[in-house]
Amino acid sequence: MADFKIAPSILSADFARLGEEVDNVIKSGADIVHFDVMDNHYVPNLTIGPLVCDALRKHGVTAEIDVHLMVKPVDRIIPDFAEAGASYITFHPEGSEHIDRTLQMIRELGCKSGLVFNPATPLDCLKYVMDKVDMILLMSVNPGFGGQSFIPATLDKLREARKLIDDSGYDIRLEIDGGVKVDNIREIAEAGADTFVAGSAIFGAVGENDANDYDTVVGAMRAELAKA
Ligand code: DX5
Ligand code: ZN
């Protein structure tokens with residue numbers, strides 16, 4: 001079975017209790033903290049920056065932090081995230097004038113690098129930088145907000161990206177972001193994804209007594225992935 005990883009997007013967490021939220025979701029069996037950075041310019045929303053990443057590290061979070069930069073231009077802020085303890089730093093090709101250079105900078109700063117493709121952005125530029133990416137992230141919604149529906153055409157794009165990775169022979173993770181739920185995660189895994197971002201599906205899960213129920217939803221996702 002593939003090495004599947006679940007990456008809860010803290011965009012849907014309770015920001016007033018962020019450290020505790022991250023602790024709870026990692027305790028429930030999630031693997032990676034997905035950290036959505038929005039600048040109210042590249043995307044029409046504004047979220048969190050390096051100070052919050054640093055605060056999570058100081059709080060004691062040791063899980064990998066996967067920083068998804070929805071920011072333009074992107075280069076200026078990258079060293080700050082490396083300093084703040086990011087594990088992965090991914091960006092959209094539209095956010096950089098020099099994609100190859102930005103990828104190199106991320107690795108030189110000691111982080112894993114990645115490119116993110118919007119639903120209608122072709123994978124073309126990947127061909128020239130396969131040796132410089134540790135992660136390919138396909139957006140299955142248009143970036144900017146949690147809680148949107150999975151765009152089905154992304155399944156074919158996942159198969160295309162999976163083939164590129166397998167043919168390249170490089171060790172590259174294939175991450176999917178947007179509208180991932182218990183009832184579609186298996187199909188998404190079968191199309192080639194190995195890393196699954198889920199925001200509203202995880203942080204919106206409420207169990208008995210209206211308490212958050214991350215164990216149940218993360219467990220249900222793992223059970224679906226075990227069938228893929
Ligand atoms: C959207 C973000 C996502 C978002 C996913 O721009 O990149 O990470 O939080 O949220 P859900 O899982 O609710 O679609
Ligand atoms: Zn994201």
Side-chain angles (χ1 to χ4, degrees), residues 4-15 18 21-22 25 28 30-50 52-53 56 63-72 74 77 81 86-95 111-121 134-155 157-158 161 173-189 193-206 212-214 217-218 220-221 224-225:
F4 294 130
K5 294 200 168 165
I6 296 177
S9 162
I10 57 173
L11 186 62
S12 294
D14 178 352
F15 279 123
L18 191 58
E21 287 272 78
V22 170
V25 86
S28 77
D31 305 289
I32 299 177
V33 180
H34 185 79
F35 192 105
D36 285 307
V37 183
M38 305 187 186
D39 68 348
N40 188 38
H41 169 72
Y42 177 63
V43 289
N45 202 354
L46 186 65
T47 58
I48 46 179
V52 177
C53 185
L56 288 177
E64 287 190 307
I65 298 181
D66 166 29
V67 173
H68 173 193
L69 295 177
M70 288 161 273
V71 169
K72 183 179 180 172
V74 72
I77 202 74
F81 274 104
S87 311
Y88 285 91
I89 299 181
T90 69
F91 64 97
H92 292 244
E94 298 88 344
C111 299
K112 296 182 208 169
S113 62
L115 274 175
V116 191
F117 296 89
N118 287 334
T121 302
D134 299 294
M135 169 103 86
I136 295 168
L137 168 48
L138 300 194
M139 293 303 301
S140 37
V141 298
N142 289 291
F145 303 94
Q148 305 178 78
S149 300
F150 185 89
I151 297 172
T154 319
L155 293 172
K157 203 173 179 184
L158 275 172
R173 296 207 73 85
L174 180 52
E175 185 171 49
I176 186 83
D177 185 1
V180 176
K181 313 275 172 209
V182 173
D183 62 10
N184 63 8
I185 197 167
R186 176 179 175 186
E187 191 183 15
I188 295 167
D194 56 26
T195 307
F196 307 85
V197 175
S200 50
I202 293 179
F203 287 103
V206 173
N212 290 331
D213 195 359
Y214 307 148
V217 65
V218 173
M221 285 179 169
E224 283 299 306
L225 288 175

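Indexing begins at 1, ligand by ligand and atom by atom, following the structure's order. Since the model is a prediction, treat every value here as computed from it, not as a measurement.
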**Message:** Is any side-chain heavy atom of Phe81 closer than 4.5 Å to one of Leu69?
**Reply:** yes
**Request:** Could you tell me whether some N/O pair between Gly144 and ligand 1 is separated by less than 3.5 angstrom?
**Result:** yes
**Prompt:** Counting both backbone and side chain atoms, is some N or O of Ser200 under 3.5 Å from an N or O of ligand 1?
**Reply:** yes
**Item:** Atom indices of ligand 1, in the order listed, that fall short of 4.0 Å to a heavy atom of Val197
**Value:** 8 (O)
**Asked** Quick one: which ligand 1 atoms are inside 4.0 Å of a heavy atom on Met38?
**Response** 6 (O)
**Message:** A side-chain contact here means heavy atoms from C-beta on lying under 4.5 Å apart; do Ile77 and Pro50 qualify?
**Reply:** yes
**Element-labelled atoms of ligand 1 that are located less than 4.0 Å from some non-hydrogen atom of His34** = 8 (O)
**Fill in**
Of all the N, O or S atoms in Asp177, the one nearest to the Zn ion (ligand 2) is OD2
**Prompt:** So which of the N, O or S atoms of Asp36 lies nearest the Zn ion (ligand 2)?
**Reply:** OD1
**Message:** Distance alone, cut at 3.5 Å: any donor-acceptor contact between the side chains of Asp36 and Thr47?
**Reply:** no
**Request:** Would you please determine whether Ala198 falls within less than 4.0 Å of ligand 1 on a heavy-atom basis?
**Result:** yes
**Fill in**
Judged by heavy atoms only, the candidate from Asp177, Ile202, Val43 nearest atom 4 (C) of ligand 1 is Asp177
**Prompt:** With only distance considered, is Lys181 within less than 3.5 Å of ligand 1 through an N or O on each side?
**Reply:** no
**Prompt:** What about the rings of Tyr42 and His92, do their centers lie closer together than 6.0 Å?
**Reply:** yes
**Prompt:** Hey, does the side chain of Asp134 reach the backbone of Cys111 with a donor-acceptor pair shorter than 3.5 angstrom?
**Reply:** no
**Message:** Under 3.5 Å, is there a donor on one side chain and an acceptor on the other for Lys112 and Thr90?
**Reply:** no
**Message:** Could you tell me if the side chain of Ile6 sits less than 4.5 Å from the side chain of Ile32, heavy atoms only?
**Reply:** no
**Request:** Taking Ser140 for its side chain and Gly178 for its backbone only, find out whether a donor-acceptor pair lies under 3.5 Å.
**Result:** yes
**Message:** Taking Thr121's backbone N and O only, do any of them form a donor-acceptor pair with Lys157's side chain (distance below 3.5 Å, no angle check)?
**Reply:** yes
**Request:** Among the N/O/S atoms of His68, select the one at the shortest distance from the Zn ion (ligand 2) and name it.
**Result:** ND1
**Item:** Option nearest atom 9 (O) of ligand 1 (shortest heavy-atom distance, choices Gly199, Ser9, Ser149)
**Value:** Ser9
**Closest approach of any protein heavy atom to atom 1 (C) of ligand 1, naming residue and atom** = Phe145 O, 3.5 Å
**Item:** Nearest protein heavy atom with distance in Å, relative to atom 14 (O) of ligand 1
**Value:** Gly179 N, 2.8 Å
**Item:** Met70 to ligand 1, any heavy atom closer than 4.0 Å
**Value:** yes
**Fill in**
For Pro143, the ligand 1 atoms with a heavy-atom partner under 4.0 Å come out as 6 (O)
**Message:** Taking 4.0 angstrom as the limit and counting only heavy atoms of Gly178, give me the atoms of ligand 1 inside it, by number and element.
**Reply:** 14 (O)
**Message:** Check contact between Phe150 and ligand 1, using heavy atoms of the residue and a distance below 4.0 angstrom.
**Reply:** no
**Message:** Does either side chain, that of Tyr214 or that of Glu21, offer a donor lying less than 3.5 Å from an acceptor on the other one?
**Reply:** yes
**Fill in**
Per-atom filter on ligand 1: closer than 4.0 angstrom to a heavy atom of Gly146 are 10 (O), 13 (O)
**Prompt:** Short question: side chain of Asp194, backbone of Glu175 - any donor-acceptor pair under 3.5 Å?
**Reply:** no
**Message:** Can you confirm whether Val182 sits close enough to Glu224 that some side-chain heavy atom of one is under 4.5 Å from a side-chain heavy atom of the other?
**Reply:** yes
**Within-cut-off N or O pair, His68 and ligand 1, under 3.5 Å** = yes
**Asked** Can you list the atoms of ligand 1 that are under 4.0 Å from a heavy atom of Met139?
**Response** 7 (O)
**Request:** Could you tell me whether the side chain of Phe35 reaches within less than 4.5 Å of the side chain of His68, counting heavy atoms only?
**Result:** no
